[in-house]
Amino acid sequence: MPAPKSASVAFIFVVLLLDTLGIGLIIPVLPRLIDEIVEGDLANASRYYGALVALYSMMQFLFAPILGALSDRFGRRAVILSSLLGAALNYLLLAFAPNLAWLVVGRIIAGLTGASFSAATAYIADVTPAEKRAAAFGLVGAAFGLGFIIGPALGGLLGGVSLRAPFLVAAGLNGLNVVYGLFVLPESLAPENRRAFSLRRANPLASLKNLTRSPVMIGLTGTILCAYTAQMILQSIWALHTQARFDWQPVDIGISLAAVGLASAIVQAGLVRVPIPKLGEQRAVLVGLFFSVTGYIAMGTATQGWMMYVLIFPFALGGIAGPAVQAILTREVGPSEQGELQGTLVSLQSLTAIFAPILATSLFARFAPETAVPRIPGAAFYAAALLNAIGFALAWRLFAKLKIRSTST
């Protein structure tokens with residue numbers, strides 16, 4: 001029997017919250033840990049950091065459709081819990097890493113376990129009516145936001161004591177997550193909605209063909225690709241940029257990321273429910289992308305640390321685009337294919353996350369140092385703004401075509 005809807009959403013919210021909390025803990029300290037291990041300057045360490053983030057994303061890209069398809073066959077619960085256990089083991093490995101090779105192995109395991117988000121988001125689709133999925137996916141974003149409120153701030157504080165401490169705490173949180181799920185997380189996928197596992201559907205490249213199944217999915221793929229790439233650029237460069245530009249320490253980076261998480265939680269948990277019904281999903285996509293473009297440009301231009309705080313909330317308003325896009329896409333497939341769809345979206349995000357960190361850290365290493373000619377500290381932010389502007393144009397074109405078709409029929 002499927003789980004009760006209200007309880008199920010709450011369970012997944014807590015699961016994602018605790019898991020994201022563990023991720024947020026390590027963000028302020030990972031670049032510095034790499035710098036300590038390789039004994040290089042910040043520009044050199046940034047390249048290793050970008051490569052490790054890309055490795056994580058490559059593994060997530062390869063395994064997200066597999067775990068999504070497995071969740072369609074065996075249910076969401078088993079996939080989610082086994083992945084959380086792997087994440088706990090990964091953080092333990094990173095906590096005691098004596099060299100770069102250990103970090104490489106740790107990021108491989110992290111990518112494998114991180115692919116479970118396809119099952120978690122499919123869980124949301126299982127228990128939520130189609131007309132309410134935008135708000136439900138907003139709660140998923142809120143879980144990420146809340147995790148990034150507490151996680152980075154705590155990680156920054158712990159990192160001030162020891163660069164290894166946040167990894168140990170993250171391992172403990174994921175272990176608690178497993179225990180929580182074992183006792184309170186029910187299965188969401190009814191037996192009649194399950195289907196046989198297929199290697200063809202689990203192929204990460206073949207799974208991207210799912211996005212060509214309808215004109216709407218084809219039209220939104222370019223927008224999603226641009227938005228995901230821009231988001232990964234921001235995630236990859238924040239700690240490096242603020243350290244180099246404003247001389248922020250781990251605690252400063254952690255607090256700033258906590259502020260980003262708070263703004264995201266406010267938008268995703270509360271404000272998403274207001275503008276999307278009033279604007280409609282299509283307009284919400286365009287409005288969200290507009291805020292993202294202007295936010296990236298402003299952050300890249302900021303010359304003082306306090307300016308980043310002023311810009312955080314207006315930038316977070318761009319978060320209304322994601323739930324609106326997901327709500328549009330979930331109506332393009334049936335109930336037995338939601339796991340496959342979410343796995344495809346995670347694969348697409350992971351594909352962009354393979355290249356975006358390398359692009360972001362390369363732009364940082366080339367243009368951010370004081371000796372760079374020309375010196376453009378915000379180059380990575382400007383690249384993210386350009387990508388979202390392209391995504392905006394593609395979405396505008398799609399929605400205009402859909403409007404013309406609807407009025408002519």
Side-chain angles (χ1 to χ4, degrees), residues 16-38 42 45-46 48-57 59-60 83-117 143-178 231-232 234-243 248-261 264 353 357 360-361:
L16 292 174
L17 173 61
L18 292 178
D19 192 46
T20 307
L21 185 62
I23 297 172
L25 276 167
I26 71 170
I27 290 178
V29 297
L30 184 56
R32 290 177 184 269
L33 179 61
I34 296 171
D35 191 25
E36 179 185 276
I37 290 176
V38 302
L42 185 60
S46 70
Y48 285 107
Y49 177 68
L52 287 173
V53 174
L55 178 61
Y56 167 92
S57 302
M59 299 307 297
Q60 195 175 57
S83 295
L84 292 175
L85 179 60
L89 297 175
N90 156 65
Y91 286 123
L92 281 176
L93 182 65
L94 293 177
F96 297 102
N99 52 49
L100 195 61
W102 280 49
L103 292 181
V104 170
V105 174
R107 297 316 289 166
I108 290 174
I109 297 174
L112 286 169
T113 59
S116 65
F117 285 115
F144 281 98
L146 288 174
F148 278 107
I149 293 171
I150 305 170
L154 182 58
L157 291 172
L158 292 171
V161 177
S162 169
L163 292 179
R164 310 282 178 155
F167 297 93
L168 292 172
V169 174
L173 287 172
N174 275 273
L176 290 174
N177 214 349
V178 174
Q231 182 182 27
M232 282 307 305
L234 177 67
Q235 293 178 12
S236 302
I237 208 65
W238 184 274
L240 294 166
H241 176 80
T242 54
Q243 179 182 343
W248 281 3
Q249 300 303 306
V251 64
D252 303 309
I253 297 170
I255 292 173
S256 68
L257 287 171
V260 172
S264 176
T361 53

- prompt: How far does CG of Leu168 sit from CG of Leu173, to the nearest 0.5 angstrom?
  reply: 11.0 Å
message: On a heavy-atom basis, which atom in Pro28 and which in Gly156 lie closest, and how many Å separate them?
response: CG-N, 4.0 Å
field: Smallest separation among heavy atoms of Ala258 and Pro152, with atom names
entry: N-CB, 4.2 Å
- line: Shortest non-hydrogen pair, Pro31 vs Ala239, comes out as CG-CB, 4.1 Å
statement: Per side chain to side chain contact (heavy atoms under 4.5 Å, CB included), Leu158 is matched among Val251, Val169, Val29 by Val169
field: Those residues that, when tested against Ala51, pass side chain to side chain contact (heavy atoms under 4.5 Å, CB included) (two or more places apart)
entry: none
task: Search all heavy atoms of Leu240 against all heavy atoms of Ser46 and return the closest pair with its distance.
output: CD1-CB, 3.7 Å
- request: Determine whether Ile26 and Tyr91 make a side-chain contact, defined as any pair of heavy atoms from C-beta on separated by less than 4.5 Å.
  value: yes
query: Does a side-chain heavy-atom distance below 4.5 Å link Asn174 with Leu85?
result: no
- prompt: To the nearest 0.5 Å, what is the distance between CG (Leu30) and CD1 (Ile34)?
  reply: 4.0 Å
Side chain to side chain contact (heavy atoms under 4.5 Å, CB included) partners of Leu55, counting only residues at least two apart: Val104, Arg107, Ile108
statement: dist Thr361:OG1 -> His241:NE2 (nearest 0.5 Å) comes out at 14.5 Å
- request: State, yes or no, whether a side-chain contact exists between Tyr56 and Leu52 at a heavy-atom distance under 4.5 Å.
  value: no
- line: side chain to side chain contact (heavy atoms under 4.5 Å, CB included) filter on Ala353, not counting sequence neighbours, yields Ser57, Met232
OH on Tyr48 to CG on Asp35, rounded to 0.5 Å: 11.5 Å
Ile37 CD1 to Asn99 CG distance, which is reported to the nearest 0.5 Å: 7.0 Å
- request: Output all residues satisfying side chain to side chain contact (heavy atoms under 4.5 Å, CB included) with Asn90, sequence neighbours left out; order by chain, then residue number.
  value: Leu94, Ile109, Ala110
field: Sequence-distant partners of Gln243, side chain to side chain donor-acceptor pair (under 3.5 Å), two or more places apart
entry: none
- prompt: Short question: side chain of Arg164, backbone of Ala97 - any donor-acceptor pair under 3.5 Å?
  reply: yes
- request: Could you list the residues that satisfy side chain to side chain donor-acceptor pair (under 3.5 Å) with Ser236, not counting sequence neighbours?
  value: none
message: Looking at Thr242 and Trp238, would you say the former's side chain and the latter's main chain have a donor-acceptor pair under 3.5 Å?
response: yes
Heavy-atom side-chain contact between Leu33 and Phe167 under 4.5 Å: yes
message: Return the CG to CD distance between Leu257 and Gln235, rounded to the nearest 0.5 Å.
response: 9.5 Å
